Amino acid sequence: MQGESSHSWGLAHHFDSFDQQREASNLGMWVFLVTEIMFFGGLFTAYVVYRSGQGAAFALGSHELDITLGAINTAVLIGSSLTMALAVWAAQTGRRKAIVGFILATILLGGVFLGIKVVEYSAKFEHHLVPGPNFHWNGPEAPGVEMFFNLYFLMTGLHAAHMVIGMGILLVVAILAWRGAFSPENHNLVEGIGLYWHFVDIVWIFLFPLLYLLGRNIQV
Amino acid sequence: MSVTVTTPARRKNYLNADYGIKSWLLTQDHKRIAILYLVSITFFFVLGGVMAALIRVELATPLGDMVEPDTYNRLFTAHGVVMVFLFLIPSIPAVLGNFLIPLMIGAKDLAFPKLNLGSWYVYNLGAILMVAALLRGGTDTGWTFYTPYSSTFADSEVILTALGAFVVGFSSIMTGLNFIVTIHRMRAPGLTWFRLPLFVWAHYGTSLIQILGTPVVAIAILLVAAERLLHIGIFDPALGGDPVLFQHLFWFYSHPAVYIMILPSMGVISELITAFSRKRIFGYKFVAFSSLAIAVLGFLVWGHHLFVSSQSIYAGLIFSVLSMLVAVPSAVKVFNWTATLYQGSISWQTPMIYALGFIGLFVVGGLTGTMLATLGIDMHVHDTYFVVAHFHYIMVGGAIMGYLGGLHFWWPKITGRLYSVFWSKISAGLIFVGFNLTFFPQFLLGYMGMPRRYHSYPEEFQILNVLSSAGATILGLGYLLPLIYFTWSMRYGERASDNPWGAYGLEWETSSPPPTLNFDEPPVVTTEAYDYLAMRDKKTAA
């Protein structure tokens, strides 16, 4: 994607048509998301294997998570997916300011999500629930609970890292959009980051029930 | 498709289009990026080869008289890590695939040229991490990083090496992603899926493995690094963790990774066999689909690495059967290549010698693989030199023979120069003989019970080990020769015509070396792949 003209981006030298360029860009993003599924898949596998061995300890761990904050975050993230979809729509219809506005809204909601996550993480630090030398738990299930928090921090941490990267790219895309880089013919970057953002959202849709909800019905 | 014979005078091509170091380091031309990769992987092939040489010198005598046991561990780890991650996996895809896929499908470039260049930088970043680990004393876990040794006990540079492998993995993903999108979206008009050269099919299968497998090993080694760095016990049994889970995650990628190494090589062989038999491949669709079958089945066999790792006997049984199934598409390829030779007009050019050598060595490697998939035999020879010999027959006898065969075949296209026929045939012969002398004795050693990864051994194993070390010397010489005559040819070699072999395919219709945008006229394809009959008729008519 070369920026020859002063305004919107044109057709890269090795493509024959805008259609071909858009299809290539979209397929590339989908293939990348497949690799992301496999990447998270390794962790989900670990979760399934370990949970099947020590379900009771994992349920105990679930009870330590703040379900209210988790639920709010789920709503926030779904809201950010909505603003992201609106940004893509704005790009398709060629409304420059609307693209920028909706992307900034997406970044803002992402920031709210991460802020709430920081509150949750710091509570775990205070309660000595962060795995490692400072982990403390009374009771026979201590090892299993520590394993639960291993996975909790790895899975939500990896998810948060994806959000931070996504927000960084979104910021760049917003600046490009402000400068008028996108047109109804070529806004592949907006579409691409949109797909990515929805993917990150969907990962959370799986993380929330697995980590916060599953086992919460068990009385402990 | 016609063969145009133009004199390759001082035409503008991708090599003389621009000069200076910047024009190379910032290039987005897939052909130049292929050359960048060629330089990098050749360097690491030599480095990995030096490690192998040191191992063979140590094993020439039964006593551990050259290096300490701990040094020996670091040596074979370095050999494995460098050869697998920095040479074999990128070798054919990143060099030949990168150079040829756009040419073969009549495109101007890969779909994402910047991503392509980025992959080379990511590769080098990972390589630097691994070299840094080597300079700080190396890693002693073996290239497999098995837990709990790697995560808890090993006192060596595990984190750096693992992070290196993690980073290099992303370059592999980038290449695979680029190929998949390119093959789907960038084919010339008229070039349907079943008109694609089989080299392209093989790379499509390879790319599928790269994008599906690599992320899993990435997360697995990231977990090992996290466990070491943060002292959290992800694979620690004390927390209910399972060290064997690491083996599952690791081999879920690393067994299919074997097919990342061998599939592109098989693609090369399909091109060579047809070109030097002057015949259309026997059973085109079977060969094409066998590449996909290998890619898919490859994901269902990882458990055969865990026959003795507490895996249930029933799982072992199923993995044993599934592993044997891989022999079916592999055999389809071998039989179809052989059938292509039948009544072909065979010429004994250097690439063809490599191709025939490949078939022989691959059959030995493949059949011993079926033996190892058998539970009873595997219990006996597990972790012995039998396994070492088996996978070297596949990875060196197979993958590297294919890589060198392809390099000899397309070298005139890549550089526009011809190399010494005499010396190249000598090197092909030396490699074939040297390889067999190195690794066949290891089958016998393994069957007699010599375990792998030890720096000393009982005296009765010495004769076979000396044979193996002697073979390694010949093999090393065989590898040294191409390095010399290829380098020589770049300056002094005779200029190559556009189609020096009289081979069929879009890459031979453009000039040697090709122009920056590959074709002067955008090609339109109207014929099937490997239509040597029509090509001959056209020639006679002309």
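This one's a predicted model, so the numbers in the text were calculated from it and none came from an experiment. Protein chains get the first letters and strands the later ones, always in sequence-line order, with residue 1 at the start of each.
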* Structure fact -> d(B:Leu297 CG, B:Tyr259 OH) to nearest 0.5 Å is 8.0 Å
* Asked: NE2/B:His248 to OG1/A:Thr45 distance, rounded to the nearest 0.5 angstrom?
  -> 11.0 Å
Contact origin within [X] toward chain B - heavy atom pairs under 4.5 Å:
| X | result |
| --- | --- |
| A:Ile37 | neither |
| A:Ala46 | both |
| A:Val31 | both |
| A:Glu23 | both |
| A:Leu154 | side chain |
| A:Tyr50 | side chain |

Compute the ring centroids of [X] and [Y], then answer whether they are less than 6.0 Å apart.
| X | Y | answer |
| --- | --- | --- |
| B:Trp302 | B:Tyr253 | no |
| A:Trp137 | A:Phe148 | no |
| B:Phe99 | B:Tyr14 | yes |

* side chain to side chain contact (heavy atoms under 4.5 Å, CB included) evaluation trace for A:Arg22 with A:Glu185 -> CA-CA 8 Å; A:Arg22 186 175 57 247; A:Glu185 290 81 40; 6.0 Å; no
[X] portion near chain A, given a 4.5 angstrom heavy-atom threshold:
| X | result |
| --- | --- |
| B:Phe235 | both |
| B:Leu249 | side chain |
| B:Leu115 | neither |
| B:Ile173 | side chain |
| B:Met174 | neither |
| B:Leu245 | side chain |

* Asked: Hey, what's the ring geometry for B:Phe299 with B:Phe252, parallel, tilted or perpendicular (30° and 60° as the breaks)?
  ->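 Aromatic pair B:Phe299/B:Phe252 classed tilted.
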* Asked: Do the ring planes of B:His255 and B:His305 sit parallel (below 30°), tilted (30 to 60°) or perpendicular (above 60°)?
  -> tilted
For chain A, find which of [options] contributes the most heavy-atom pairs closer than 4.5 angstrom.
| options | answer |
| --- | --- |
| B:Ala220, B:Pro113, B:Pro102 | B:Pro113 |
| B:Asn518, B:Thr214, B:Leu239 | B:Leu239 |
| B:Ile180, B:Leu212, B:Leu230 | B:Leu212 |
| B:Ile211, B:Asp109, B:Leu517 | B:Ile211 |

* To do: Under 4.5 Å, counting heavy-atom pairs only, tell me which of A:Phe39, A:Phe40, A:Phe135, A:Phe149 racks up the most with chain B.
  =>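 Among the listed options, the one with the most contacts to chain B is A:Phe39.
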* **Partner of A:Leu43 by side-chain contact (heavy atoms from CB on, under 4.5 Å), out of B:Leu223, B:Val216, B:Ile234** => B:Leu223
* Asked: Among side-chain atoms of A:Glu36 and A:His162, is any donor-acceptor pair under 3.5 angstrom?
  ->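 On atom types as modelled, these side chains qualify, holding a pair under 3.5 Å.
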* To do: Could you please spell out the steps behind the side chain to side chain contact (heavy atoms under 4.5 Å, CB included) verdict for B:Ser171 and B:Trp120?
  => CA-CA 7 Å; B:Ser171 93; B:Trp120 181 71; over 6 Å; no
